[in-house]
K.L.:
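Please read through the structure below; I'll follow up with questions.
Atoms within each ligand, like the ligands themselves, are counted from 1 in listed order.
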Amino acid sequence: MKKYKYSECFLSIQGEGKYTGVPSVFLRFWGCNFTCEGFKCDTEYSWHKDYNHMLKRASAGELMCEIEKLCPAFTETYHLVITGGEPMLSQSAFVEILYLLEKNGNLPSYVTIETNGTQMPRLAAAESISDVRELLWSVSPKLSISGENWINAIQPDVVAAYAEISKCGQLKYVVDGSAKCWDEVEIATQAFRDAGVEFPVWIMPVGATTEQLSQNQEQICIDTVTRGYNFSPRAHAWIFGDKPGT
Ligand code: SF4
């Protein structure tokens, strides 16, 4: 039986973007195609070799059971967040898990996929998620403050392929408030618009800790609304201190 790599599965609130505050089951897959050395990745423990002790392996059936245990009341608002690392590297895994949940009558009403927007979706992904009420592509394209190469990080064709599967999505940028960063938000967003992606823009302040966030988030929030974008705090970091399992 195929075993998939993951780091954790837990119940918390969604801390960022459109569903902030909504109770959610998180399945965090292992591995990422980036390292984002320009800022500290807040989920390094899901891909870095220093955290190999957190690497787990489980079959799709075992992961389905973990999700079901965490969500005893499969309500109208049941929200599953598939995250990482980069979960689109594990798309065959979550396709299988969603299929099993559906067979059990426990398909989530809402599914969010937290992705960096660089991995092309395969056809199977489109078929398995067609029955959820809303599939939200939560795409976080990495600007140059991440340290990643623009050509690798900003991939409009990939995000356009996501939009073909579901029109629900968000472009969630991490910014440091510099003029360069704001320029890049505009350039990247225009590239996505040119590819036919209409997902709304959300801005999040850079910073993995509450200390870092408190230094820059007020001004970034003001600049965000002035520019007509949505602002997202990192609610989980404020409440729980940005640690695993939250
Ligand atoms: S893409 Fe996301 S998970 Fe991967 S290194 Fe960058 S911030 Fe971390």
K.L.:
Report yes or no: does Glu148 contribute a side-chain atom to a donor-acceptor pair with the main-chain N or O of Thr35 at less than 3.5 Å?
P.N.:
yes
K.L.:
Please enumerate all residues that pass salt bridge (Lys or Arg N to Asp or Glu O under 4.0 Å) together with Lys3, with sequence neighbours excluded.
P.N.:
Glu62
K.L.:
Does any pair with a residue in residues 7-27 pass salt bridge (charged side-chain N to carboxylate O under 4.0 Å, His left out), and if so which ones, sequence neighbours excluded?
P.N.:
Glu8-Arg28, Glu16-Lys172, Glu16-Arg234, Lys18-Glu134
K.L.:
Say whether Phe34 and Val175 are linked into one hydrophobic cluster, either directly or through other cluster members, by side-chain heavy-atom distances under 4.5 angstrom.
P.N.:
no
K.L.:
What count do you get for protein N/O/S atoms less than 2.8 Å from atom 4 (Fe) of ligand 1?
P.N.:
1
K.L.:
Just wondering, do Leu80 and Thr112 contact through their side chains at under 4.5 Å, heavy atoms?
P.N.:
no
K.L.:
By the rule that ILVMFWY residues connect when side-chain heavy atoms come within less than 4.5 angstrom, directly or transitively, which residues belong alongside Phe26?
P.N.:
Phe10, Val81
